[in-house]
Every structure is written in C-alpha cells, then in structure tokens.
Amino acid sequence: MAQKDFDAIIVGAGFAGLYMLHKLRGLGLTARVFEAGDDVGGTWYWNRYPGARCDVESMEYSYSFDEELEQEWSWSERYATQPEILRYVQHVAERFDLKRDIAFSTRVTAATFDEASERWTVETDRGERLTARYCIMATGCLSTPNRPDIPGLDEFEGGVYQTGLWPHEGVDFTGQRVAVIGTGSSGIQSIPVIAREAAQVTVFQRTPNYVAPAHNHPMSAEYEQDFKGNYRQRRREMLQGYFGAIAHGHPSSAPSMSVSDEQRRALYEEGWQQGGLGILGSFPDLLFDRAGNETLAEFVRSKVREKVADPEVAELLCPKDHPVGSKRMCIDTGYFETFNRDNVALVDLNAEPIERISVHGLKTARREFAFDSIVLATGFDAITGTLAKIAITGRGGRTLAQKWADGPEAYLGLMPEGFPNLFLITGPGSPSVLSNMMVSIEQHVEWIGDCLAALGGRTIEATPEAERAWVEHGNAVAAATVYPDGKSWYTGANIPGKPRTFMAYIGGVPGYRAICQAIARDGYPGFAIAGRASPPPADFVALMAPPHEAEAA
Ligand code: NAP
C-alpha cells in the first residue's frame, strides 16, 4: 500500500519545492510533493508566452547549493529564456532524482491541522488524503493568473490566451489581428515578438511602466569562466546585494540629490547602457527619496521620447503616476521601438475604458475593434492568490483566508500564527519578489531545513506577539520607501476587492538574512516549540548587522 504519512508534505514543484525536497531527503526526512502541472518548473512551466525570459542575469539565477551543478550547467545568454530555464529545472530534477517523490497533475485542495495529533492532513483533487507533521507551501508568488472580469470575455469566438497559462503547443499569430491587454513585464516581453508575426497588434494600456533595456546578448565564454572560477565569491556578493544580486557597474554611495545634474545623468546613462534592473541601484536612496526617484523617472521618460517616433504615443508610454520602482520595473528588448511599426497601435484605457468584449472583438468607450485573438497579459493574484485557493485550516478551525481577510501576516514571512508546523517559502512579509527569487528561495529552504533538524519532530508555531512585532517592523520599513505609492500587485491593488497592504519585506536581503540567522542561533525567539513560547527579539533592526559585524560590536 502506498505510503500515507510523511514527515513533510510540500506543495509545489518549482524551484522552491524541488530544493526543499532535496534538503529534506538530506536530513533523512520523508516527504511527498504535490504539483498541479504535469512537470516540474513552477512559474517557468506555466509562463510559455512568446518572449518570456528572466530579468535576473542567468549566472545569478541558479541554485548555489551544489558546486558540481554550478559548474556543469552552461547558460547560453545573459538573460535566459523560459525554455532554457525550464530545461535547467528539469535537469536539476533528473540529476537529484527528485521526480519519484512528486505527484504531478495533482492539486492540493485542503490542508487541515489536527490539534490532537499535531499533524497536517492534506487532501488533493484526486481524492488522496495524506498526513504529515509539517506542511511546506512552495506555491510561488506569481502562480495564480488574473483573468480580468471584462463583460463578454467568455463570448469572444477567437482565441483568448493568458500569458501565465500559455498553451504548450504555442500560438501562431501569423496574419491575425491581435489585442494585447496589459503592459506589465509579460506584455512588454511578448508584444514585440507578437508584432513581428501578427498582421495587426493593438495594445490596450491602463498604466505605462518604467522599462530599462535588457541589452541581452549571448553569454561570453570569458564571463562564464570568470563567474565559474569565482563562484563562492560571486555568491557572497549576491548575498550582500540589497536585492540578492550583484551590483554591476559603479553605483554611487552618495545620496542622489547630493551630486550635480550632470553627474547623476552620467550614472543613469551608464546604468542604461549596461542594461537590466541595476539602474535602480545607481544611488542608495532612489527607493526612499522621492525627489531623487523623480530624477531617474524623468531620465527613463527622456529615453522613451527618444525611442518613440510619434510624440503623442511617446507621451502615453511615459509613466507619470507612480515613482520608478514602486511597481516592478520591466526590462525590454525592442518594446518601445515596436510602437514605431505600422502594424502596432496603442489604446489608452484611461481615455477610453474597455466597455465589453464582443463575439468578434472589443468595444471601448469610443470605438469598436475586430480581433482574431486576445492576449491577456493581466498579471497575477500575487503572493497570496494560490494559498487562498487551498482551504488551509489551523488551530481552532480558523482558516488562513479568515486570518488574512484584511491582509496577509506571518512571522518573518515564514509562519502565520495559529498554523503550527506550516511553513511558507517566500511568503508575505519576506523579501521574496523584491529580491532575486533564487537567493530568497534557497535562504528559506535552508532556514526551514535547519529548523526541522533542530526540532527533531517537535511542533513549532509563531506567537501572536512575534507576528505582530514583525508586521509592525515590516510596515515601518515599507513606509520609509516609495513602494506604497504604486498601485501594484505588491500591494494587492491589481485585484479588485483584495485588501491593500504592502505584502513583501523591503528591509533588504542581507538584513533579512541576518535577522533569520540570529533567530535560529538564539533558539527561535518569537516561536513556541512544543508549547514553550519565548518572546520575540526586542529590536529586529539590531539583528540586521551581518553576523561578523554583530560579533565584533
Ligand atoms: P503585471 O505587472 O501585474 O501587469 C499586468 C498588466 O495588466 C498591467 O499593465 C495592468 O494594468 C493590466 N491589467 C490588469 N487588469 C486589467 C484590466 N482589467 N484591464 C486592463 N488592464 C489590466 O503582470 P505581469 O506583466 O504578468 O508581471 C507580473 C510580475 O511577474 C512582474 O512584475 C515580474 O515580477 C514577474 N515577471 C517577470 C518577468 C521577467 O523576469 N522578465 C516576466 C514576466 C513577469 P495596471 O498596471 O493599471 O494594473
């Protein structure tokens, strides 16, 4: 008879779930993974839209836990495409023989904590019921696509494609009139590719985004060899980066408004020429100081005006209603130039909102359009969306949905209070989407692994006092930044009715890591282990110094 009880159940077989499984095996613990897709890969399994590619450099967007794996894998481009990343994940799954513990095409529907046995019962859409001491949610932050509630969408007789649920066989847009709704990262990556294929592309834009050029190029053998020859040092540099990535170029350590306009522009120009998201780190205060932020915002707008031939279209493509970085900055390959093509048109939804989708097209407040296909690049119910679809019940029959009705809360972003032995990988209240996800995933997996080893099977849970203190600390850190100014998926603003809170932790990767390390080292203050609670640290900020500095102090 198939095994029904495990040390741990892991939900999701993306980067987080796979490494968690590998880690638990190394600890001698039994684990079962459930995955909705029919293969590994998580976000890189689902997001197969044309042009899909990572916005973190490929040498830095990979696991660091195995040196042989680091050395044997070669990335072909500066920024890897979705198919290449998927091949990498599949390679990892084969290499570490992970698939034998994964149930594919299986969605977890419920997870219930039994207070008497202190175990989780997990149920799936295939009617399975398994139990485990620990339940680990590796469900991803961008894994529930947002299908907008536009009247008539279901009546459209052409093809409707969501970027986050792209057909595996691909879509041939040759000769078609295509509507693309949404101009976030997914739209910005896919629109140039679709425009090269389709007869006509009409882009429906609600909010323009700040976009930096990718300047993608084939991986140079020299760069790869240098990186591989110095991997440990490079990984350390990544951990020291605020966002878990290496600061390339020459970022200033001076405040942005303390230098001359020419010096500032020269630094932005260097970041622009280098390409990628690094331009946001040109000065240390760009995400904190609104005046400094506006200088970068205006620099980006000036680039849009240079690239787009029609001044009216250029102006519509210039973001003006939010600070740069407060919504996720995008990186592009030929996005703005695409609007110089004869077969591409931009529709400003602020001037003419969509009224409805019809059988053959779309009607705005001003016009009617006929389309063969509609692409929904409308994003995700981010960070909490996938957890909300699982009926997760903790102590006293309280569900996670009830607990999070006014916004998600979890101690360290790792454990919601009232849900013993339930861990979230890159959950709300952790750096997650504000960092290189690979770095944050590995940090959480390793912290959870160390925690389970220390527990030896005992039950752990966050105390209400610790969770409150962490949420207050996270809110205070966020309030000092420009992030809350953006109506973004970071705040739930993209989903009608979703509570508005800033969901990630913006204290930076090094500081957050130091806090988590200190908490593990000090015997897990703020948690109750086997019923014995200890108070949370009096001051999280005091724990943020890297361990060597704290020891020297
Ligand atoms: P997104 O950033 O949330 O963008 C969704 C777009 O759809 C926005 O322009 C949004 O407008 C629009 N939209 C949503 N609902 C709409 C409606 N009802 N009517 C009209 N427009 C609507 O989603 P995404 O582009 O999929 O990106 C999400 C995140 O995934 C990114 O921020 C990034 O972190 C990650 N991602 C990364 C990469 C990469 O690595 N390069 C690629 C793709 C995605 P508003 O802005 O007005 O809400």
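Below, each value reflects all heavy atoms present in this structure, side chains not excepted, and no hydrogens, waters or symmetry copies. Order of appearance sets the numbers: ligands from 1, and atoms from 1 within every ligand.
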task = Run through Gln189, Gln82, Glu77 and flag the one making a side-chain hydrogen bond (donor to acceptor under 3.5 Å, both in side chains) with Arg53.
result = Glu77
request  = For the residue pair Asp39 and Gln90, confirm or rule out a side-chain donor-acceptor distance under 3.5 Å.
outcome  = yes
request  = Report yes if the side chains of Thr338 and Arg196 come closer than 4.5 Å at any heavy-atom pair, otherwise no.
outcome  = no
message = Contact between Glu270 and Leu267 at the side-chain level, heavy atoms closer than 4.5 Å - yes or no?
response = yes
key: Residue pair Ser373 / Val160, side-chain heavy-atom distance below 4.5 Å   = no
task = Please examine the side chains of Ser58 and Arg78, heavy atoms only from C-beta on, and report whether any two atoms are closer than 4.5 Å.
result = no
note = By chain and number, the residues contacting ligand 1 below 4.0 angstrom (heavy atoms only) are Tyr49, Arg53, Cys54, Asp55, Leu142, Asn146, Pro148, Ile181, Gly182, Thr183, Gly184, Ser185, Ser186, Gln189, Arg206, Thr207, Lys327, Arg328, Leu349, Ala377, Thr378, Gly379, Phe380, Trp489
